[in-house]
Structure formats: structure tokens, C-alpha cells
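In what follows, a structure is listed as C-alpha cells, so that the remarks can point back to it.
Along the sequence shown, the residues carry numbers beginning at 1. Each ligand, and each atom within it, is numbered from 1 in the order the structure gives. Scope of the values below: all heavy atoms of this structure, side chains included, with no hydrogens, waters or symmetry mates.
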Amino acid sequence: MQRWNGWGDARTDYPLPENAHRWLRETLGPLEPPQDAPLDEVLAGLPESTLPDHALIATDREARLRHARGQSLPDWVALRSGRIGRVPDGVAYPEGEDDLEALYRFARQRGAVLIPYGGGTSVVGGITPEPESPPVITVDLQRMSKFLNYDETSRLATFGAGIRGPNLEAALRAHNATLGHFPQSFERSTLGGWVATRSSGQQSLYYGRIEDHFAGGRMISPCGPLVMPPFPASAAGPDLRQMVLGSEGRMGIISEVTVRVSPLPEYEAFHAVFFPTWQQGVQAVREMVQARLPLSMLRLSNAAETEANLTLAGHEKLVNAAHTGLRVLGQQRGEKCMLLFGATGPANQVRTARRDALRIARKHGGFHTGRYMGTKWAEGRFRTPYLRNTLWEHGVAIDTLETIVPWARVEMAADAIQTAIRQAAEAVNEPVFVFAHLSHLYTSGASIYITYLFHVRPDSMLANWHRMKGAASRAIVEHGGSITHQHAVGTDHAPYLEAEKGPLGMALIGEMIDTCDPDRLLNPGKLIKEVPHVG
Ligand SMILES: Cc1cc2nc3c(=O)[nH]c(=O)nc-3n(C[C@H](O)[C@H](O)[C@H](O)COP(=O)(O)OP(=O)(O)OC[C@H]3O[C@@H](n4cnc5c(N)ncnc54)[C@H](O)[C@@H]3O)c2cc1C
């Protein structure tokens with residue numbers, strides 16, 4: 001059973017190593033474990049649904065509560081405190097496109113709105129009902145998750161959009177194939193959700209982002225179906241697939257997705273290298289990616305993240321080993337920034353990629369510690385989100401945000417965003433621990449991923465989060481970054497979208513939504529606040 005107010009399967013825990021407790025207290029000060037609202041009390045406090053019976057729609061309180069919120073920090077505060085706010089009036093479980101059309105008809109009759117729901121892992125408020133809203137029906141696509149077709153010759157696989165990561169990979173594995181799309185939310189997120197949010201997996205360097213996988217499919221809009229044939233490429237005007245990517249449930253419900261798949265890799269290995277400074281690490285990874293080394297993953301943590309990750313995972317002894325290693329190499333300054341890199345593919349290509357990556361790392365002062373840390377990372381990568389549950393239970397909240405900028409601005413933007421968060425926290429005397437890594441690297445730039453830890457305080461933490469998140473978002477915009485590289489827009493990033501798209505760009509997005517959904521049946525308030533009526 002999934003946790004109703006946290007991450008993942010209730011049977012999986014992530015206990016903290018003993019030193020991690022001490023480190024958290026030293027870093028943030030004394031911690032106070034919060035009192036979470038119990039499920040039965042929260043259920044008892046929910047209003048009755050206003051919807052009449054419908055064969056496709058469940059209206060029981062538990063189904064509605066479990067679909068009320070995603071995984072953003074405000075979602076966690078709402079669920080853990082029991083102050084949930086608006087919950088859907090019903091949850092629909094369609095089994096096919098006819099059911100989607102029936103739901104559009106019902107929503108029109110009842111003046112209701114529909115929120116497409118994949119795995120509910122949105123970290124930007126993407127599936128949360130608006131506070132003041134007509135009746136809300138959340139459309140959970142879990143029953144539209146079949147493996148529909150496999151064209152082995154063309155390496156194209158078609159699935160129902162509600163399929164989750166592990167089921168999709170298991171289906172492909174039976175054909176010796178993989179999609180290779182591994183967001184950290186892999187365990188719960190869905191193919192349709194990945195397309196609707198322009199998701200990026202941890203090995204995007206090798207396999208590509210969801211845009212690269214998405215070959216075609218079907219989207220059922222309130223005005224009818226949009227069919228996207230899986231052309232390998234086409235010069236026939238604007239690519240409609242690009243309009244569906246990132247549409248965040250506003251233009252239609254994606255019902256089927258055809259993806260480009262790869263053969264299972266012959267070999268894969270992950271390695272760790274420590275750099276004495278962040279600057280040296282940044283130069284090294286830029287050189288690696290610009291040399292187009294066939295790596296599958298690069299993740300460079302700054303010194304604070306290296307310390308936090310190794311301590312929370314119980315590997316802090318490795319920091320000392322790396323320190324000794326760097327001293328042997330004559331690097332005395334020793335901030336210790338960890339780079340994890342992966343190579344995937346034919347064994348000889350993996351060997352060459354490893355050799356070339358290590359040559360570049362050494363040139364920039366890097367010390368290779370072998371495969372131990374990389375292997376641990378790969379084994380535990382989908383378990384890491386469970387740490388959020390444990391930290392919260394100890395009184396520590398964790399939030400993440402991300403952007404992407406060209407290489408020329410990477411260091412400046414990373415500093416500015418972290419400083420903005422620290423200053424916003426300082427202004428309200430809130431201890432915060434901020435750290436960063438670079439991942440999802442491109443020849444022209446890199447994604448900057450920021451994590452910050454602060455106290456769970458039932459009364460003030462949401463206001464504190466708004467300050468920190470707002471300050472970070474403004475710093476991103478000021479430094480010319482995209483408001484999101486992978487988490488999407490939802491409600492949390494919507495105020496910053498115009499800075500990136502400009503007035504004409506916003507009008508074009510509004511027109512696409514208006515054309516597909518003139519009656520505003522779908523996911524109001526997400527992506528863009530106000531959709532102009534065009535017709
Ligand atoms: C712990 C954690 C780690 C994460 N790691 C990553 C990561 O590594 N990379 C990354 O890219 N993201 C990551 N995310 C963010 C999130 O998982 C992604 O945005 C993911 O793509 C959402 O998929 P989902 O199926 O859960 O969609 P949901 O959260 O259910 O929905 C997200 C949005 O897509 C719309 N939508 C969903 N399905 C459909 C559909 N079939 N048709 C139309 N619209 C639809 C919804 O209406 C909503 O607007 C992470 C989130 C968490 C909580």
C-alpha cells in the first residue's frame with residue numbers, strides 16, 4: 001500500500017545512520033519531530049462529494065484524499081498537518097478512450113473539471129485542485145496501462161499512458177529492450193505523466209529525455225482525438241508532438257504513447273571521482289560532455305552536497321579516504337566534490353568512455369575512488385526518495401528545485417540561487433542547509449539541481465518555504481535560467497513562465513489550450529493561470 005501522506009510503499013523505510021542524526025543536529029540545531037494528523041481524523045473531516053453516482057467515478061473519502069495532493073513541499077505540509085484544503089469530489093478510473101469521452105460529457109453536464117492523474121508524483125502542484133473550483137474529478141489512468149504493441153524492427157513500443165516505470169521496463173525487458181527513462185520517481189510516475197511534464201531520466205545523457213523517446217501516440221481532447229503518427233522525422237510543418245509534450249493535462253488526456261526503445265545494454269558501470277574544488281569539477285564535466293564522451297550519467301555534487309549525501313547514506317568514511325587520495329595527488333585545498341559518472345553500452349565502448357573520462361578528471365585534479373560509490377548510487381537510486389519520510393519524522397523538511405543555464409552562467413547561477421535561499425531563510429531566522437549538483441549535461445549547458453533542508457514547523461514552515469522558493473525562482477529568472485529543466489510548471493512555477501516565453505509565446509500556449517478545451521474542462525490553473533478565449 002502506498003503511503004497516503006509521504007513517499008512510496010508503506011513497507012519500505014530508510015532508517016538514518018547514527019552519525020546522520022548528529023550531523024543533522026549540528027547543521028540545523030535541535031530538531032523537533034512533528035505530530036502528523038492521523039488518517040482516520042483527516043478522512044472524518046472531509047466534506048461529502050457533491051457528485052451524483054456514476055459508473056466510472058468513485059466518491060469515497062479515502063480515494064478522494066489519496067488523489068488530492070502530489071509530492072511538492074506544500075502538498076506534504078497539507079497532508080502531514082491534515083489541513084488538506086480542496087479535495088476532488090470524485091476519482092474516475094477510465095479503461096479506454098470511450099470512458100474518457102463519457103467523462104467529458106459528464107463534466108460538461110455537471111459543470112465539473114477534470115484533472116488527469118498519472119502517478120501523482122508532481123512536485124509543482126500539477127494535480128492539486130484549485131481552492132475555489134467547481135466540482136473536481138481526478139482522472140486516474142492506472143487502468144489504461146496495457147502494453148499494446150511492439151514493433152521490434154523499428155524499435156517502437158506502444159503503451160497505455162497510465163503505465164508506471166517498473167511495469168513498462170519489465171514489459172520491454174521480455175523483448176531484451178529498455179526505454180532507459182529513469183526519473184528518480186520511476187517507481188510511481190507514468191509514461192503519460194512523463195510526456196505531459198517533459199520529464200528527464202537520470203541517464204538522459206545516453207538514452208535522451210522523454211522528448212527523444214516520444215515517437216507518437218494519441219491524446220483525447222474535449223474537442224476530439226489528436227493522433228500523432230510515429231514518424232522518425234518529418235518536415236510537415238510544426239511538430240504536434242512538441243505541443244503535447246509539457247501540456248500538463250490542459251489540452252487533453254494522453255491515452256496512448258509510442259516510444260523509441262533501445263536494446264538492453266551489454267554492460268554498465270558507475271564510478272566516483274573526487275575533485276578538490278567545485279570549479280575544477282565543473283571544468284572537468286564540461287570538457288567530458290563537450291568531447292561527446294559516450295557516458296550515460298554525470299552528476300557532480302558541490303562540497304556541501306557531497307558531505308550531506310555521504311553522511312545521510314552512512315558513507316562518511318569515504319570522504320576521509322578521498323581526502324587522503326587528493327592529498328597524495330598534491331591537492332591540499334580539499335573541498336571534496338564528488339562526481340558520479342556512468343557508462344552504458346557495448347563493453348568496449350564503456351571501457352573507452354571510462355578511460356577518457358578518467359583522463360579528463362585527472363587533468364582537472366580528480367581522484368578516482370573506483371566503482372564502490374557509483375554502484376551504491378545505482379543500487380539505491382530509487383530508494384533515496386524514502387529518505388524524505390525519515391527526515392520529516394525527525395523534524396527536517398527537504399525540498400528541491402532545478403533550472404538549466406548555458407555553461408557560461410552555470411557557476412554564477414548556482415551560487416546566486418543558493419545564496420538567495422540562504423538569505424531568505426536568514427531574514428526569518430530559519431536555519432537552512434543548501435546544496436547543489438549538476439546533472440543532465442548538454443554540450444551548451446547544464447541543469448543545476450538544488451536541495452535545501454530546514455525545520456518542519458507546523459505553523460511557519462509554509463511561509464518560510466514560500467520565501468525561499470520565491471527567492472530562488474527570482475534568482476533563476478535573473479540569471480537567465482529556465483524556471484524548470486524537468487519538474488514542469490504546475491502552479492508553483494506558473495508566475496515565472498512569462499519571463500521565459502514572452503507575451504506572444506504565452507498567447508500561443510493559451511490559444512492551443514483554447515482550441516483543444518474551449519469549455520475549460522481540464523486541469524484549471526496549471527501551466528498558465530488565465531487562458532484567453534480566442535474564438
Ligand atoms: C521523489 C521524486 C523524484 C522525482 N524525480 C524526477 C526526475 O528525476 N526527473 C523528472 O523529470 N521528474 C522528477 N520528478 C517529478 C515527477 O515525477 C515528474 O514530473 C513525472 O513526470 C510526473 O509523472 P506522473 O505520472 O506522476 O504525473 P502526475 O504527477 O500524475 O501528473 C503531472 C502532470 O501531468 C499531467 N498528466 C499526467 N498524466 C497525464 C496524461 N496521461 N495525459 C495528460 N496529462 C497528464 C497531470 O495533469 C499533471 O499536470 C520527481 C518527483 C518526485 C516526487
Could you pull out, from Gly8, Pro183, Ser72, Gly160, the option with a heavy atom nearest to atom 7 (C) of ligand 1?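 That would be Pro183.
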Nearest to atom 23 (O) of ligand 1 by heavy atom, Ser189, Gly201, Gly192: which? Ser189
Give the atoms of ligand 1, by number and element, whose distance to some non-hydrogen atom of [X] is under 4.0 Å.
X	answer
Ser199	10 (C), 11 (O), 21 (O)
Gly126	48 (C), 49 (O)
Tyr117	30 (O)
Gly252	43 (C)
Leu141	40 (C), 41 (N)
Ser122	29 (O)

Identify, for [atom], the protein heavy atom at the shortest distance, and state residue, atom and that distance.
atom	answer
atom 9 (N) of ligand 1	Ser200 O, 2.9 Å
atom 32 (C) of ligand 1	Thr197 CG2, 3.6 Å
atom 36 (N) of ligand 1	Ala196 CB, 3.7 Å
atom 47 (O) of ligand 1	Pro116 O, 2.7 Å
atom 31 (O) of ligand 1	Ile127 CG2, 3.6 Å
atom 14 (N) of ligand 1	Ser185 OG, 3.8 Å
atom 25 (O) of ligand 1	Thr190 OG1, 2.6 Å
atom 1 (C) of ligand 1	Pro385 CB, 3.6 Å

Check [X] against ligand 1 and report side chain, backbone, both or neither, counting heavy atoms closer than 4.0 Å.
X	value
Ile254	both
Asn523	side chain
Val123	side chain
Val195	neither

Can you find an N or O of [X] that's nearer than 3.5 Å to an N or O of ligand 1?
X	result
Ile115	no
Trp7	no
Gly120	yes
Glu248	yes
Gln71	no
Arg188	no
Gly118	yes

Between Trp4 and Val42, is any pair of side-chain heavy atoms under 4.5 Å apart?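 Counting from C-beta outward, Trp4 and Val42 do come under 4.5 Å.
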Check: Leu16 and Leu24 side chains under 4.5 Å, non-hydrogen atoms: yes
Can [X] and [Y] be counted as having a side-chain donor-acceptor contact under 3.5 angstrom?
X	Y	value
Tyr452	Trp465	yes
Thr158	Glu256	no
Arg198	Gln242	yes
Thr484	Glu402	yes
Arg110	His54	no
Ser200	Gln486	no
Tyr449	Thr400	yes

Test item, Ser247 contacting ligand 1 (heavy atom, 4.0 angstrom):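 Under 4.0 Å: no for Ser247.
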Which atom names give the shortest non-hydrogen contact between Tyr93 and Ala63, and what distance separates them? OH-CB, 4.1 Å
Taking all heavy atoms of Ile115 and all of Gly126, pick out the closest pair and write down the distance.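 That closest heavy-atom pairing would be CG2-O, 4.4 Å.
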Tell me whether Glu530 at atom CD has more than 12 heavy atoms from other residues, nucleotides or ligands lying less than 6.0 Å away. no
If you count every heavy atom of other residues, nucleotides or ligands that lies below 6.0 Å from Arg108 atom CZ, does the total exceed 12?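 It does: Arg108 CZ has more than 12 such atoms within range.
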Scan Arg383, Arg3, Arg388 and name whichever one has a salt bridge (Lys or Arg N to Asp or Glu O under 4.0 Å) with Asp13.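 For Asp13, the salt bridge (Lys or Arg N to Asp or Glu O under 4.0 Å) test succeeds with only one of Arg383, Arg3, Arg388, which is Arg3.
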Verify, without hydrogens or angle tests, whether Ser444 (side chain) and Pro406 (backbone) share a donor-acceptor contact under 3.5 angstrom. no
So is Arg381 actually on top of Phe182's ring, under 6.0 Å and inside 45° of the axis? yes
